[in-house]
Colleague: 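What follows is a single structure, and I will ask about it in a moment.
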Amino acid sequence: MTADTARLAVQILDRNRRGAWTCPAAGVYPHQWLWDSCFVAIGLARVDPERAAGEIISVLRGQWTNGMVPHMIFAPDVNDEGSRRLWRSRDDPRAPRDVDTSCITQPPVLAIAASFVARRLGRRERAAFLANVVPKLVDYHQWLYRERDPTGSGLVTQIHPWECGLDTTPPWMNALREIRQPRWLTLALRLHMNGLARRFRRDVRYIPAAERSSDDDGLRMLALAAHLERHRFDLARLTPGDSVMIQDVSFNALLVVANRMLSELAEQVGTPLAPDLVHKFEAAAIAFEGLWDETCGRYCSRDVTSGALITTPTIATFVALWATSRPDRLRRLLDDLDAPVWKTPFPVPSVPTDSVGFSAERYWQGPTWINTNWLIVQGLHAHGETRRADDLTLRTLDLVSGGDFSEYFSPITGKGYGADEFSWTAALTLDLLDVHEE
């Protein structure tokens with residue numbers, strides 16, 4: 001099974017290859033996405049480290065002059081004018097001139113991916129790779145703290161659900177529904193014209209609508225992107241009431257981990273980080289613990305406007321396993337992970353099974369994803385929880401053992417949903433298989 005599964009995974013990554021980069025899935029996802037390529041690189045490092053390095057370098061071709069790395073780079077040969085008009089990156093002088101990009105970012109896993117790739121490269125190749133990417137990663141982290149943490153709190157703020165990666169999880173959708181909506185959107189929802197969103201959505205052309213975000217939520221996310229464009233995607237220009245500003249727990253957890261790995265990479269290159277950035281990294285690790293809610297016993301995102309923690313449970317709290325250094329909180333997270341509402345036949349659901357609106361088939365409303373399982377496995381290993389990590393690895397591999405590399409899976413039946421032949425499913429399968437065999 002192991003050899004056959006690995007062979008199928010490599011074939012999928014080859015079919016989804018687009019020169020120097022890999023699309024998430026043909027048809028539905030024809031462009032390059034930030035954290036998708038990072039996960040692809042992590043898996044490719046096991047079988048083709050040079051291609052994996054190229055995947056990271058290709059993501060950075062979209063970096064803006066202010067250091068921001070966009071969540072998406074458009075494929076030049078794909079007709080997707082609706083999305084291009086939504087972002088209009090060419091109108092911003094900070095954006096690259098040779099590619100069209102989005103104007104927001106995605107979870108900061110670049111330094112994590114670069115670290116995994118660097119470990120697999122030969123000495124000379126590693127030196128050249130790190131000399132290329134480390135300065136750009138430093139610029140990216142500097143941008144995150146300069147532009148998204150203007151008060152120096154140690155936590156960075158996200159301004160759109162697409163930035164958090166766990167797009168339609170309840171905390172984000174609830175916050176999106178509570179802000180003031182533009183008049184045209186209110187009218188469209190009242191007249192049940194929410195199908196307008198499908199003009200801008202590729203996903204429902206290829207995937208049943210019942211497996212995706214609702215038309216209402218899709219329209220709200222598009223309206224928010226348009227609102228952000230009018231404010232040049234600048235956090236400082238946004239106002240409470242008509243904007244969503246959240247210090248997302250999974251985003252900030254991954255940033256804490258990425259900060260550690262970037263520090264190590266900079267040391268390897270021989271250019272240690274500037275003291276001010278080191279201080280920001282230290283402050284971030286401390287500030288992250290402020291996202292802990294003692295009453296519910298988990299890490300939570302924070303609404304920047306109200307300052308309140310958003311205690312609605314999602315899988316994001318388990319991503320924090322990789323970031324926390326508190327043994328007492330680790331134990332409570334592990335107990336929570338063993339609770340019946342999370343202990344599904346095929347782990348780990350994106351929201352607990354007793355969550356309002358839980359759906360085993362709909363996007364981030366319940367399904368299990370290979371990438372979030374992989375992140376939890378890393379967190380377990382980081383704390384020496386080898387038995388738990390091995391168990392989750394094997395149960396995750398069970399999802400793809402029959403050759404199904406879907407975008408996400410039912411945590412109840414294990415059936416695949418979303419896009420077929422999904423790249424990060426294939427890539428992270430390669431990494432999990434290799435770790436299991438070591």
Colleague: Given 3.5 Å as the limit, does a donor-acceptor pair link the side chain of R298 with the main chain of T311, or not?
Modeller: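 Between the backbone of T311 and the side chain of R298 there is a qualifying donor-acceptor contact (under 3.5 Å).
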Colleague: Using a 3.5 Å distance criterion without hydrogens, assess whether the side chain of E229 forms a donor-acceptor pair with backbone atoms of L86.
Modeller: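 A pair under 3.5 Å: no.
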Colleague: Using a 3.5 Å distance criterion without hydrogens, assess whether the side chain of R90 forms a donor-acceptor pair with backbone atoms of R97.
Modeller: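 Judged by distance alone, yes, a pair lies under 3.5 Å.
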Colleague: Do we see a donor-acceptor contact under 3.5 Å between the side chains of S115 and E264?
Modeller: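 Checked: S115/E264 side chains show no N/O donor-acceptor pair below 3.5 Å.
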Colleague: When the ring planes of W424 and F422 are compared, do they come out parallel, tilted or perpendicular, using 30° and 60° as the limits?
Modeller: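 Taking F422 first and then W424, their aromatic rings stand perpendicular (interplane angle over 60°).
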Colleague: Could you check whether the rings of Y417 and Y408 sit parallel, tilted or perpendicular, using 30° and 60° as the cut-offs?
Modeller: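 Correct class here is parallel.
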Colleague: I want to check something: taking the side chain as every heavy atom from C-beta on, are T5 and F405 in contact at a cut-off of under 4.5 Å?
Modeller: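 In short, these two side chains touch, coming nearer than 4.5 Å.
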Colleague: Output, in order, the C-alpha distance, side-chain angles, deciding distance and verdict of side-chain hydrogen bond (donor to acceptor under 3.5 Å, both in side chains) for E289 and T324.
Modeller: CA-CA 7 Å; E289 294 299 335; T324 186; 3.0 Å; yes
Colleague: Is the shortest heavy-atom distance from the side chain of C23 to the side chain of P30 under 4.5 Å?
Modeller: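 They are not in contact (no side-chain heavy atoms under 4.5 Å apart), so the answer is no.
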Colleague: Check the pair T393, L397 against side-chain contact (heavy atoms from CB on, under 4.5 Å), reporting the backbone distance first and the verdict last.
Modeller: CA-CA 6 Å; T393 295; L397 290 173; 4.0 Å; yes
Colleague: Can we say R177 and D217 salt-bridge, meaning some charged N sits less than 4.0 Å from an Asp/Glu carboxylate O?
Modeller: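 Counted as a salt bridge, because a side-chain N and a carboxylate O are separated by less than 4.0 Å.
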Colleague: What I want to check is whether the side chains of S423 and N16 have a donor and an acceptor closer together than 3.5 Å.
Modeller: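 There is such a pair between these side chains.
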Colleague: For the pair R51 and D14, find out whether any cationic side-chain nitrogen is under 4.0 Å from an anionic carboxylate oxygen.
Modeller: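 Judged by the 4.0 Å cut-off on N to carboxylate O distance, R51 and D14 do form a salt bridge.
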Colleague: Assess R120 against F116: is NZ or CZ under 6.0 Å from the centre of the six-membered ring, and within 45 degrees of the ring's axis?
Modeller: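 No, cation not above the ring by the 6.0 Å, 45° rule.
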Colleague: Under a 4.5 Å cut-off applied to non-hydrogen side-chain atoms, are T312 and T169 in contact?
Modeller: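 No, too far: nothing below the 4.5 Å cut-off.
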Colleague: Can you label the angle between the W374 ring and the W322 ring as parallel, tilted or perpendicular, going by 30° and 60°?
Modeller: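 Aromatic pair W374/W322 classed perpendicular.
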Colleague: One pair to check against side-chain contact (heavy atoms from CB on, under 4.5 Å): E178 and V244. What are the steps and the verdict?
Modeller: CA-CA 9 Å; E178 289 172 2; V244 178; over 6 Å; no
Colleague: Under 3.5 Å, sequence neighbours excluded: what are the donor-acceptor pairs made by side chains of residues 64-74?
Modeller:
from : atom 1 : to   : atom 2 : distance (Å)
W64  : NE1    : T101 : OG1    : 3.1
T65  : OG1    : R94  : O      : 3.4
N66  : OD1    : M68  : N      : 3.1
H71  : ND1    : S102 : OG     : 2.6

Colleague: I'd like to know if the side chain of R362 reaches the main chain of R212, judged simply by a donor and an acceptor atom lying under 3.5 Å from each other, with no hydrogens or angles considered.
Modeller: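 Confirmed, R362 side chain pairs with R212 backbone.
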Colleague: Compare every heavy atom of A284 with every heavy atom of Y145, then report the nearest pair and how far apart it is.
Modeller: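 Where Y145 meets A284 most closely, the heavy atoms are OH-CB, 3.2 Å.
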Colleague: Any heavy-atom pair between the side chains of Y299 and V319 that's under 4.5 Å?
Modeller: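 A side-chain contact under 4.5 Å is absent here.
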Colleague: Any idea how W33 and Y29 line up, ring-wise: parallel (<30°), tilted (30 to 60°), or perpendicular (>60°)?
Modeller: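 If you compare the ring of W33 with that of Y29, the planes turn out perpendicular.
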Colleague: Taking the six-membered ring for Trp, are H160 and F233 closer than 6.0 Å centroid to centroid?
Modeller: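 No, the ring of H160 stays outside the 6.0 Å limit from the ring of F233, centre to centre.
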Colleague: Between the main-chain N or O of W143 and the side-chain N or O of E147, is there a donor-acceptor pair closer than 3.5 Å?
Modeller: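 Checked: no pair found.
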Colleague: Would you mind reporting whether D248 and E163 have side-chain heavy atoms less than 4.5 Å apart?
Modeller: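 Side-chain contact under 4.5 Å: no.
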Colleague: With distance as the sole criterion, is a donor-acceptor pair present between the side chains of D404 and S406 under 3.5 Å?
Modeller: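 Looking only at side-chain atoms, S406 and D404 do form a donor-acceptor pair, the distance falling under 3.5 Å.
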Colleague: Can you check ring pair (Phe, Tyr, Trp, His ring centres under 6.0 Å) on F251 and W172, steps first, answer last?
Modeller: CA-CA 13 Å; F251 191 107; W172 279 92; 9.4 Å; no
Colleague: State, yes or no, whether a side-chain contact exists between L144 and P108 at a heavy-atom distance under 4.5 Å.
Modeller: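 SC-SC contact between L144 and P108 confirmed.
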Colleague: Please check this pair: side chain of N132 against backbone of A128, looking for a donor-acceptor N/O pair closer than 3.5 Å.
Modeller: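 Absent.
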Colleague: Does any N or O in the side chain of Q106 come within less than 3.5 Å of the main-chain N or O of W35, such that one atom is a donor and the other an acceptor?
Modeller: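 Yes, the answer is positive, given that a donor and an acceptor are paired below the 3.5 Å cut-off.
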Colleague: Does L44 offer a backbone N or O that forms a donor-acceptor pair with the side chain of D48 under 3.5 Å?
Modeller: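 Between the backbone of L44 and the side chain of D48 there is no qualifying donor-acceptor contact (under 3.5 Å).
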Colleague: Is a side-chain donor or acceptor of R302 paired with a backbone partner of G290 at a separation under 3.5 angstrom?
Modeller: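 Indeed, once roles are kept as given, a pair shorter than 3.5 Å links the two residues.
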Colleague: Strictly distance-based, threshold 3.5 Å: is any side-chain N or O of E55 a donor or acceptor partner for the main-chain N or O of T22?
Modeller: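 Such a contact is found between E55 side chain and T22 backbone.
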